[in-house]
Q: 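Handing you a structure now.
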Amino acid sequence: MTASSTDPPLPHPDLVAAIPRLRRYARVLTGDAASADDLVQEALARAWEKRRLWRAGSDLRAWLFTVMHNVFVNERALARREGQHVSLDAADEAHEAWQIPVRPAQHARVELLELVQHVGRLPVDQREVLLLAVVEELRYEEIAVLLSIPIGTVMSRLGRARERLRAAFAEATAPLLKVVK
């Protein structure tokens, strides 16, 4: 179906400003840069096709995230039906998606790499909610709409993700505390 000339235009500056955030979220979903770029491109094409569904004055960024998430879910379902199982938790693939672009102080770099590894080991549903809340700064309500889950589930997944990270860091520092005592 083609868009008619009466379809509302998407606000170009807001659309362009959302692309880096879409790419970050796509990397969380796909696990690598090339697949993430493909997902963002497909999501933007779908958003353009469906622009008549966007309401002027509403949050374009949240709408684009929803479109991209739906494209991702549909592609995964299609791959599953075709017998191509896509693993988002594969250890060797997950670390490729978590590259550090700058070289901070060595101690901070090690801590950041440890955090990235721990986040990469979270279950996909928890990692998704954590990064949408912390990195993308979406409200619980926005995350619930974006992922089509109840707000209580968002809060639960976020709480479990934070607790897993706390436990992972407590476990990692426990041997150090024994040495110091």
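Computation of the quantities below employed the complete heavy-atom set of this structure, encompassing side-chain atoms and omitting hydrogens, waters and symmetry-equivalent molecules.
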Q: So, does T66 use its side chain to make a donor-acceptor pair with the main chain of A62 at under 3.5 Å?
A: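 The answer is yes, because a donor-acceptor pair under 3.5 Å joins these two groups.
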
Q: With rounding to the nearest 0.5 angstrom, report the CG to CG distance, L39 to L22.
A: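 Separation between the atoms: 9.0 Å.
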
Q: Which heavy-atom pair separates A18 from L64 by the least distance, and what is that distance?
A: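 Result for this residue pair: CB-CD1, 3.8 Å.
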
Q: Who pairs with D38 by salt bridge (Lys or Arg N to Asp or Glu O under 4.0 Å), at least two apart in sequence or on another chain?
A: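 For D38, no residue satisfies salt bridge (Lys or Arg N to Asp or Glu O under 4.0 Å) once neighbours in sequence are set aside.
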
Q: Given side chain to side chain contact (heavy atoms under 4.5 Å, CB included), test I19 with L44 step by step and report yes or no.
A: CA-CA 9 Å; I19 291 173; L44 290 173; 4.1 Å; yes

Q: Could you check whether D32 pairs with R27 (Lys NZ or Arg NE/NH1/NH2 to Asp/Glu carboxylate O, under 4.0 Å)?
A: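 Answer for the salt bridge query: no.
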
Q: Return the minimal non-hydrogen interatomic distance between V119 and R127, and the atom names on each side.
A: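 Scanning both residues completely, I find the closest heavy atoms to be O-CD, 3.3 Å.
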
Q: Return the minimal non-hydrogen interatomic distance between E128 and L29, and the atom names on each side.
A: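 It is OE2-CD2, 2.9 Å.
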
Q: Using the side chain to side chain contact (heavy atoms under 4.5 Å, CB included) rule, take E137 and L132 through it: C-alpha gap first, then chi angles, then the decisive distance, then the call.
A: CA-CA 6 Å; E137 299 177 342; L132 287 172; over 6 Å; no

Q: Do V145 and V73 belong to the same hydrophobic cluster, where Ile, Leu, Val, Met, Phe, Trp and Tyr are linked whenever their side-chain heavy atoms lie under 4.5 Å apart, directly or via other members?
A: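 Hydrophobic grouping puts V145 apart from V73.
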
Q: Assess whether side chain to side chain contact (heavy atoms under 4.5 Å, CB included) is satisfied between K50 and V67, documenting all intermediate values.
A: CA-CA 9 Å; K50 305 291 183 180; V67 169; 6.0 Å; no

Q: Mind checking what makes salt bridge (Lys or Arg N to Asp or Glu O under 4.0 Å) contact with R160, not counting sequence neighbours?
A: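 Testing R160 for salt bridge (Lys or Arg N to Asp or Glu O under 4.0 Å), a comparison that skips the adjacent residues, returns none.
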
Q: Residues in side chain to side chain donor-acceptor pair (under 3.5 Å) with E163, at least two apart?
A: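 With neighbours one apart ignored, the set is R166.
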
Q: Hey, could you give me the CD1/OG distance between I149 and S156, rounded to the nearest 0.5 Å?
A: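 Interatomic distance, I149 CD1 to S156 OG, rounded to 0.5 Å: 9.0 Å.
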
Q: Identify the heavy atoms of A43 and V71 that sit nearest to each other, and give their distance.
A: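 Scanning both residues completely, I find the closest heavy atoms to be CA-CG2, 4.2 Å.
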
Q: State which residues pass salt bridge (Lys or Arg N to Asp or Glu O under 4.0 Å) with R164; sequence neighbours excluded, sorted by chain then number.
A: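 For R164, no residue satisfies salt bridge (Lys or Arg N to Asp or Glu O under 4.0 Å) once neighbours in sequence are set aside.
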
Q: Could you tell me whether a side-chain N or O of T30 sits under 3.5 Å from a main-chain N or O of A26, the two making a donor and an acceptor?
A: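 Here the side-chain-to-backbone pair exists.
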
Q: Report the distance from atom CE of M68 to atom CZ of R23, rounding to the nearest 0.5 Å.
A: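 The CZ atom of R23 is 11.0 Å from CE of M68, to the nearest 0.5 Å.
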
Q: For E136 and L131, what are the C-alpha separation, side-chain angles and deciding distance, and is it a side chain to side chain contact (heavy atoms under 4.5 Å, CB included)?
A: CA-CA 7 Å; E136 299 305 332; L131 293 174; over 6 Å; no

Q: Looking at every heavy atom in both R157 and Q126, which two are closest together, and how far apart are they?
A: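 It is O-CG, 3.8 Å.
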
Q: Please list all pairs passing the ring-ring contact (aromatic ring centres under 6.0 Å, His included) test where one or both residues lie in residues 21-40, with sequence neighbours left out.
A: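 Of all non-adjacent pairs touching residues 21-40, those that pass ring-ring contact (aromatic ring centres under 6.0 Å, His included) are Y25-F65.
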
Q: Could you state the interatomic distance from CG (L147) to CD (E142), rounded to the nearest 0.5 Å?
A: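 It comes to 11.5 Å.
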
Q: Residues two or more places apart in sequence or in another chain: which of them pass side chain to side chain donor-acceptor pair (under 3.5 Å) with R46?
A: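 With neighbours one apart ignored, the set is E42.
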
Q: Any side-chain heavy-atom pair from Y140 and L158 closer than 4.5 angstrom?
A: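 A side-chain contact under 4.5 Å exists here.
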
